[in-house]
Amino acid sequence: MSMAGNGTPPLTLFGVTGRAMSAQLVRMNAAASNLANAGNVASSEAQAYRPLRPVFAEELDARSGLATVKVQGVYRTDTTAVRTHDPDNPLADANGDVWAAPVDENAEMVEMMEASRQYQNVVEAMQTAKQLMLDTMRMK
């Protein structure tokens with residue numbers, strides 16, 4: 001699928017890096033939301049928080065030949081909530097159970113660190129491209 005068309009200018013390196021940084025921010029925000037809801041309990045399995053997962057896809061710009069990332073959406077997982085017997089909890093159901101969010105805090109921290117690392121890599125690539133352009137303009 002081509003991003004450029006109908007008068008839209010071709011994709012540039014700065015457009016690619018901007019989209020890449022946006023995608024990594026979506027990834028970090030999803031992990032942060034999951035971490036914020038880790039340990040939350042609900043009175044039923046249906047009401048329990050389910051972790052978020054962003055889904056990405058490649059998007060090719062035929063005019064420039066550059067490929068970038070597109071956020072297709074952010075979806076809830078179908079992970080099963082964790083049932084815990086806690087009859088003293090005010091949210092406990094008739095059986096004395098509560099349903100905890102199925103969030104793996106370690107996995108979410110790894111996801112956040114990886115997204116942060118990828119974001120930094122893209123920033124460095126953009127800074128290198130900018131510096132090369134400036135050096136080229138100074139060559140007169």
Side-chain angles (χ1 to χ4, degrees):
M1 177 197 296
S2 172
M3 287 177 26
N6 301 343
T8 304
L11 191 61
T12 66
L13 178 62
F14 295 108
V16 170
T17 56
R19 285 176 177 252
M21 288 188 302
S22 293
Q24 295 308 320
L25 283 174
V26 167
R27 191 174 166 197
M28 281 191 269
N29 286 337
S33 180
N34 294 340
L35 284 169
N37 285 284
N40 283 357
V41 295
S43 58
S44 71
E45 184 176 12
Q47 293 174 338
Y49 177 83
R50 297 299 196 283
L52 298 171
R53 291 288 173 252
V55 175
F56 304 105
E58 175 191 27
E59 191 164 73
L60 176 65
D61 178 38
R63 291 177 59 195
S64 67
L66 297 174
T68 187
V69 64
K70 174 184 176 183
V71 178
Q72 285 192 321
V74 179
Y75 303 97
R76 296 224 176 260
T77 65
D78 61 354
T79 311
T80 304
V82 180
R83 181 171 58 184
T84 306
H85 189 68
D86 186 2
D88 294 330
N89 190 310
L91 294 175
D93 64 13
N95 296 325
D97 296 332
V98 292
W99 300 85
V103 174
D104 180 344
E105 294 175 63
N106 291 326
E108 297 301 332
M109 287 301 297
V110 168
E111 180 73 7
M112 189 171 277
M113 289 182 344
E114 178 66 16
S116 176
R117 187 178 67 80
Q118 291 295 329
Y119 187 94
Q120 266 312 114
N121 289 344
V122 173
V123 168
E124 288 179 28
M126 184 174 58
Q127 288 174 339
T128 300
K130 177 183 157 190
Q131 189 59 50
L132 290 172
M133 288 178 165
L134 290 173
D135 291 348
T136 301
M137 291 188 331
R138 288 187 194 120
M139 287 177 51
K140 296 186 203 179

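Of the possible donor and acceptor atoms, none in the side chain of Asn95 sits under 3.5 Å from a partner among the backbone N and O of Asp97. Side-chain N or O atoms of Asn34 include one that pairs as donor or acceptor with a backbone N or O of Ala30 at under 3.5 Å. Looking at Asp61, its side chain never comes within 3.5 Å of a backbone N or O of Gly65 through a donor-acceptor pair. Put simply, the side chain of Thr84 never gets that close to the backbone of Asp86: no donor and acceptor are under 3.5 Å apart. The closest donor-acceptor contact from the side chain of Asn37 to the backbone of Asn40 lies at 3.5 Å or more, if one exists at all. Side-chain atoms of Ser116 do not come within 3.5 Å of backbone N or O of Met112 as any donor-acceptor pair.
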Kindly determine whether Gln47 and Ser43 satisfy side chain to side chain donor-acceptor pair (under 3.5 Å), including the steps that lead there. CA-CA 7 Å; Gln47 293 174 338; Ser43 58; 2.8 Å; yes
Exercise for the section: Kindly determine whether Val55 and Tyr75 satisfy side-chain contact (heavy atoms from CB on, under 4.5 Å), including the steps that lead there. Expected result: CA-CA 8 Å; Val55 175; Tyr75 303 97; 3.5 Å; yes
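Pairs engaging residues 31-44 under the salt bridge (charged side-chain N to carboxylate O under 4.0 Å, His left out) rule: none recorded [sequence neighbours left out]. Residue pairs meeting the salt bridge (charged side-chain N to carboxylate O under 4.0 Å, His left out) criterion with at least one partner in residues 21-37, sequence neighbours excluded, are Arg27-Glu111.
In this structure, Arg50 places its CZ atom where more than 12 heavy-atom neighbours from other residues, nucleotides or ligands lie under 6.0 Å away. For Asp78, the CG atom sits in a loose shell: 12 or fewer heavy atoms of surrounding residues, nucleotides or ligands are nearer than 6.0 Å.
Under the 3.5 Å distance criterion, with hydrogens and angles disregarded, a donor-acceptor pair is assigned to the side chains of Ser33 and Tyr49. No side-chain donor from either of Gln131 and Gln127 sits under 3.5 Å from a side-chain acceptor of the other.
The existence of a salt bridge linking Glu58 and Arg19 is excluded, since no basic side-chain nitrogen approaches an acidic carboxylate oxygen closer than 4.0 Å.
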